[in-house]
Amino acid sequence: MFPARVQLSPTPAMTKPPSYLAYHLAEAAIRERAGDAAFHRGKVYFSDGHVFGLLAFGEGFKASVKGGETYTVAAWVEDDDLAYQCSCPVGVEGGFCKHLVAACLAWKSRNSGGDTKSTETIQQWLNKQPVAWLAETVLGQAMKDQRLFNRIHLAATRSHQPKALPDLRAEIDRATATRGFVDFDDSRGFVDGIHAVLGSFEDAIAMNAAGVMDLCVHALQRVKQAVEHVDDSDGELNGVIERIEMIHHRASEVAKPDPMKLAATLLELELHSEYGEFIDAAAKYADVLGEAGDDEYCRLARQEWARVPTLDAIRNDNDLESPDPDDPYPYRENIMRIMAAIARRKGDFDAQADVRARDLSTPDAYWELVEMAREREDYTQALAWARKGAAAFKGEGLGNLLAEELERAGKHDEAIKVIWTSFTQQPDMQAFLRLREFVKAPGEWLLWRDKVVGHVRGLLAAAHAGSEWEVPCKRALLVEMLIHEGDIDTALAEAKAGPCDWQALSRLAEACAPTVPVEALKIYERLVSDVLQHGSNRNYRYARDLMRRMALLCARRERNSDFEEYLAEVRADYKRKRNFMALLDRTKWP
């Protein structure tokens with residue numbers, strides 16, 4: 001946990017107070033940090049005696065505060081600012097919580113008889129104890145606290161001359177050995193043990209930088225092997241991997257290795273990257289590689305790239321983006337990222353497209369290729385990729401992309417046919433509006449509209465013969481299309497013919513309200529009845545909102561008595577739904 005820090009804006013007349021902690025913990029300053037709500041709750045905690053174990057140390061203190069659980073808090077002055085922390089959820093996120101408020105108020109009143117201890121008294125007593133006894137006590141506690149043990153071990157080992165590389169290799173092997181599964185409670189100690197050894201790696205750079213580079217590669221493999229055997233919910237092993245990469249780079253700056261060999265090593269590390277390590281290595285190590293090393297890195301990458309076969313469309317009903325189990329090249333994602341980075345650095349747009357075209361297993365690949373061609377204003381190529389994508393992934397939205405490029409190329413009739421095919425593959429309002437957008441001539445649209453409506457009627461008839469749950473969806477699409485076309489009478493007839501989606505019925509009621517309000521009221525009444533059959537607080541609120549619309553509609557028609565009569569009927573019919581009755585009681589009707 002990193003302590004949160006707050007910087008107060010100084011006034012021109014501010015002078016250094018006798019105690020910075022006292023200044024930062026003035027009641028007004030506490031309230032400013034915490035806010036009124038947390039300040040008042042913390043004040044109650046303090047008054048009710050929830051703070052205990054207050055321990056003052058110089059310009060700081062720590063304490064325990066009993067809330068829903070017992071939390072540990074601390075506050076201290078650091079660089080003339082107030083640093084603070086609390087183990088509660090708000091404190092972990094850096095907030096100045098009620099527990100901190102309570103502890104700060106307790107510290108302010110520490111001279112008024114509160115339970116306060118001082119580290120000065122403890123330190124004076126410890127200074128008089130035998131060193132051997134102190135060492136035995138600390139080591140005994142460290143044997144129970146892995147983090148304390150690792151801190152002591154790190155200090156002890158780094159107080160001597162840097163160790164020989166074979167010793168460091170043995171130490172990293174011991175530190176990364178899991179010996180079974182490392183659960184969450186032990187994972188921090190496990191990570192601290194690795195960091196302790198990495199500290200010795202840093203010390204050894206001056207002695208043998210090239211050897212440290214090799215050690216880092218070995219350590220990286222050991223850590224990656226351990227990842228699956230550690231509950232690393234906090235992601236601390238990612239920090240270990242980042243530190244290994246940082247030490248490797250620092251050692252390379254000192255060792256100045258042969259650029260050709262370094263290029264080969266970096267490519268191998270990046271190619272086998274699993275946790276984001278050594279990504280974009282050529283750019284990060286540019287100062288060490290130099291021009292010759294960068295050229296070698298690119299040469300080796302292109303050599304590897306030549307081994308990568310083109311991956312065609314994968315048809316997987318569960319996950320279109322899942323990797324192809326038959327893909328003969330296991331590091332496809334990494335080599336594609338490497339080659340794309342090289343192409344960007346060189347400004348080679350054709351090479352970027354070639355990289356993307358090597359994996360055509362998803363619809364996104366074709367989208368990206370079309371966009372790349374558009375950016376270069378190569379619309380012939382854009383149309384070619386759109387055609388291939390639409391053919392490979394029918395019903396995946398690529399038909400719209402193809403229609404756009406066909407329209408751009410002046411192939412209007414073909415574009416409309418593509419949009420129509422897309423509609424039949426995935427009939428919904430978006431596809432309907434897309435077709436409406438492409439068919440601009442009024443006379444032409446009348447023909448297409450009849451064709452679309454007829455197609456959906458056919459789907460509705462088929463739904464009646466098949467799954468019942470499809471009927472409301474297909475009827476809803478038909479109703480919404482008719483509403484969009486302004487054919488309210490036909491939309492009403494369709495809605496009355498059978499079950500329909502709530503959303504479509506609500507839109508139909510809104511469309512009917514200006515011209516046929518009686519029909520709108522009937523639809524709202526039907527909706528309220530349907531909604532209340534599925535009791536939940538969310539549905540109760542939706543039913544109440546529908547009834548508000550009914551009340552407004554009756555008020556506009558000066559038929560308030562009609563709504564009052566309807567409201568009384570609803571109360572009588574649903575009186576057992578207590579939450580709904582309470583919601584109606586709280587509602588102010590128009």
| Test log, rule ring pair (Phe, Tyr, Trp, His ring centres under 6.0 Å), inputs Tyr71 and His99 | CA-CA 8 Å; Tyr71 298 106; His99 311 108; 4.6 Å; yes
| request: Please assess His455 against Trp448 for the test ring pair (Phe, Tyr, Trp, His ring centres under 6.0 Å), listing each intermediate value before the final yes or no. | output: CA-CA 10 Å; His455 180 75; Trp448 276 104; over 10 Å; no
| said: I'd like to know whether Asp364 forms a side chain to side chain donor-acceptor pair (under 3.5 Å) with Thr362, so could you lay out the CA-CA distance, the side-chain angles of the two residues, the decisive distance to 0.1 Å, and finally the verdict. | reply: CA-CA 5 Å; Asp364 286 347; Thr362 67; 5.0 Å; no
| query | Could you go step by step and tell me if Arg337 and Asp280 meet the salt bridge (Lys or Arg N to Asp or Glu O under 4.0 Å) rule? | reply | CA-CA 8 Å; Arg337 183 177 55 243; Asp280 204 14; over 6 Å; no
| task | Begin with the C-alpha distance, continue with both residues' side-chain angles, and end with the deciding distance and a verdict on salt bridge (Lys or Arg N to Asp or Glu O under 4.0 Å) for Asp501 and Arg475. | result | CA-CA 8 Å; Asp501 178 77; Arg475 179 169 282 113; over 6 Å; no
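Salt bridge Asp545/Arg541: absent, no basic N to carboxylate O contact under 4.0 Å. Between Lys496 and Glu519 a salt bridge is recorded (basic side-chain N to carboxylate O distance below 4.0 Å). For Glu404 and Arg434, the salt-bridge test passes: some basic side-chain N is under 4.0 Å from an acidic carboxylate O. Between Glu414 and Arg387, at least one side-chain nitrogen of the basic residue sits less than 4.0 Å from a carboxylate oxygen of the acidic one, meeting the salt-bridge criterion. Taking the charged nitrogens against the carboxylate oxygens, Glu510 and Arg549 do have a contact shorter than 4.0 Å, which makes a salt bridge. Taking 4.0 Å as the cut-off between side-chain N and carboxylate O, Glu277 and Lys224 count as a salt-bridged pair.
Contact detail for Ala511 and Ile488: the closest heavy-atom pair is CB-CD1, 3.8 Å. Contact between Tyr84 and Gly94 at its shortest, heavy atoms only, is OH-O, 3.6 Å. Across all their heavy atoms, Met581 and Val570 have their closest contact at CE-O, 4.3 Å. Heavy-atom minimum distance, Asp232 versus Leu237: OD2-N, 3.0 Å.
The aromatic rings of Trp420 and Phe423 sit parallel to each other, their planes meeting at less than 30°, with 60° as the upper class boundary. Taking the six-membered ring for Trp and thresholds of 30 and 60 degrees, His534 and Trp502 have ring planes more than 60 degrees apart, a perpendicular arrangement.
In this structure, Lys388 satisfies the cation-pi test against Trp385, with its NZ or CZ atom closer than 6.0 Å to the six-membered ring centre and inside 45 degrees of the ring normal.
At distances below 3.5 Å, at least one donor-acceptor pair connects side-chain atoms of Ser187 with backbone N or O atoms of Phe184. Between the side chain of His412 and the backbone N or O of Glu407 there is no donor-acceptor pair closer than 3.5 Å. Put simply, the side chain of Asp359 gets close to the backbone of Ser361: a donor and an acceptor are under 3.5 Å apart.
For the pair Thr178 and Phe190, the minimum side-chain heavy-atom distance is below 4.5 Å.
Here CZ of Phe438 is found 12.5 Å from CH2 of Trp445. Values are rounded to the nearest 0.5 Å. Atom CZ of Arg374 sits about 5.5 Å away from atom CZ of Arg408, to the nearest 0.5 Å. Atoms CD1 and CD1, on Ile279 and Ile338 in that order, are 7.5 Å from each other to the nearest 0.5 Å. Interatomic distance, OH of Tyr542 versus CG of Leu527, reported as 5.0 Å (0.5 Å rounding). If you take CG on Leu546 and OG on Ser529, they are separated by 11.5 Å, rounding to the nearest 0.5 Å. With rounding to the nearest 0.5 angstrom, the SG atom of Cys500 is 12.5 Å from the NZ atom of Lys474.
More than 12 non-hydrogen atoms from other residues, nucleotides or ligands lie less than 6.0 angstrom from CD of Gln533. Around OH of Tyr379, the count of heavy atoms belonging to other residues, nucleotides or ligands within 6.0 Å exceeds 12. Atom CD of Glu569 has more than 12 neighbouring heavy atoms from other residues, nucleotides or ligands inside a 6.0 Å radius.
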